[in-house]
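This report refers to the structure that appears directly beneath it.
In what follows, every chain begins at residue 1, and chains take the letters A, B, ... in the order their sequences are listed. Small disclaimer: the values here were computed from a predicted structure and weren't measured.
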Number of protein chains: 2
Amino acid sequence: MKMDAPAKTKSEETKLLLLKAATTAFAYDGFHGTSLKKIAREAGVNQALISYHFGNKEGLYLAVFETIVGQIQTQVGPRVQALQATLGIHPSSANNCNPDPDSLKQALFSIADAMLELLCGDAGHEWALLITREQVSPTEAFEILYSGFMGKMLGLVSQVMQMLKPGLSEEEAKMFAILFMGQIIVFRVSRTAVLRHMGWQGYGEGELALVEQQLHQSICSWLAE
Amino acid sequence: MKMDAPAKTKSEETKLLLLKAATTAFAYDGFHGTSLKKIAREAGVNQALISYHFGNKEGLYLAVFETIVGQIQTQVGPRVQALQATLGIHPSSANNCNPDPDSLKQALFSIADAMLELLCGDAGHEWALLITREQVSPTEAFEILYSGFMGKMLGLVSQVMQMLKPGLSEEEAKMFAILFMGQIIVFRVSRTAVLRHMGWQGYGEGELALVEQQLHQSICSWLAE
DNA sequence: GTCTATAGCCCGATAGAC
DNA sequence: GTCTATCGGGCTATAGAC
């Protein structure tokens, strides 16, 4: 919720240490593959404190996702709002529903780039693993992710698509948003297969730039049609 | 390997029962979330027989994937070869590298439809879960999947793309194959998010038809460009 | 708030009778 | 080939001292 400073009380520091260790462990080994003993060990904190602070294993797991969503919202939330403002979607404007098509396209580009970086960049590596896992095998934590940012993202892309191609039905626009996301998340979800197929060692700057270029081209194809 | 009939010896029947139960259990709960005790119980087979027939838990897990790849190969293998023949990719033909562009496009359509049905249809539900899990968190079993059919599939799509758009570099063609796959697998990987976003209850015939239509349209956009 | 210690359970693997 | 029985170990959760 409000955890930017390294923490003040000792209790909060313990929580942060546990959350950090739990994020790493759950990301790499999944919920079932992770033991509380290991998390406590890696955090340098006594195991019994997990129950004390988070109730049980599931409570800790959910807390990890709440932290992630909170940080994503503080990071990309402002950008999304700025985007909505640029596009004239903000509620205060009457119905200025005809922004510059080119800036709309640029908006799609920047959303794609941001998603790709989040999912495939070094910074959000563990987040990406956790998010992907919840996509594939949803638990209670999926609700946190979807209502926190995924649903909003899909809705935004759908809206932009419908503005760019007014002929689209709402259903078609929503479907396009999903295809849009699919082209991005495949690079995380099928990471191993992608690297093998492309003959890459990993996603370096060069590779990501190439992917972004291809994504932009694909988006242009849709819009040109 | 060669298991079509309900089995002959009692030993093979036991193996089949265990493989069937293991497929279901691993699909829904993952490797770590599944216990051998549960598999034996659901198979109606004594637990100790797992060690006897498959060595250990991992051996059983890998055997599940070998079975899946075997069945996929017998199912779609002939279709792929027919496709390659139609496209003139078969080695016996010299270099008849200019088949009808329209039949190439139809080939892409049918690959997309087959993949979508495999991943989202009722028939391959458990397979889809297992495959997706291995994509996201690869283990030794990933090798079986990739060398068994995923790599071939990606290679085939890349080839077709390059034939349809000769201007593409090999790298671009490979990337297109990945975007192609991404648009399909998103419907499995992000199933929960997709259903919520679209307001669907599940993937019925109507929904799948709609998805296929949209996929075809997306492919057409790429090719038209 | 933090710790130690442990209860209670389920797991995977194996030994040995049949 | 199939079974019962069990071992050793790791797990989550909790009780209770400090």
I want to check one thing: is the phosphate of D/dG1, taken as OP1 and OP2, less than 4.0 Å away from some side-chain N or O of B/T14?
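For B/T14, the contact criterion (side-chain N or O under 4.0 Å from OP1 or OP2 of D/dG1) is not met.
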Which whole-number value in Å describes the distance from [X] [atom1] to [N] [atom2]?
| X | N | atom1 | atom2 | value |
| --- | --- | --- | --- | --- |
| B/L60 | C/dC11 | CG | P | 15 Å |
| A/H32 | C/dC11 | NE2 | C1' | 14 Å |
| B/I39 | C/dC11 | CD1 | C1' | 12 Å |
| B/D29 | C/dC10 | CG | P | 16 Å |
| A/I50 | C/dT2 | CD1 | C1' | 13 Å |

Let me have a per-nucleotide readout for nucleotides 4-18 of chain D, 5' to 3', with B, S or -, counting only protein heavy atoms under 4.0 Å.
B------SBBB----
Is the CD atom of A/Q106 crowded by more than 12 outside heavy atoms at less than 6.0 Å?
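It does: A/Q106 CD has more than 12 such atoms within range.
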Is there a donor-acceptor pair closer than 3.5 Å between any side-chain N or O of B/E172 and the backbone N or O of B/S169?
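At least one qualifying donor-acceptor pair exists.
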For B/F187, does its backbone N or O pair with a side-chain atom of B/S190 as donor and acceptor, under 3.5 Å?
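Answer holds: no.
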With rounding to the nearest 0.5 Å, note down the distance linking OG1 in B/T132 to CZ in A/R133.
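So the gap between those two atoms works out to 13.5 Å.
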Using a strict threshold of under 4.0 Å (side-chain N to carboxylate O), is an ion pair present between B/R196 and A/E143?
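Salt bridge: yes.
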Aromatic ring proximity, centroids under 6.0 angstrom, B/F65 and B/Y61:
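Yes, the ring centres sit under 6.0 Å apart.
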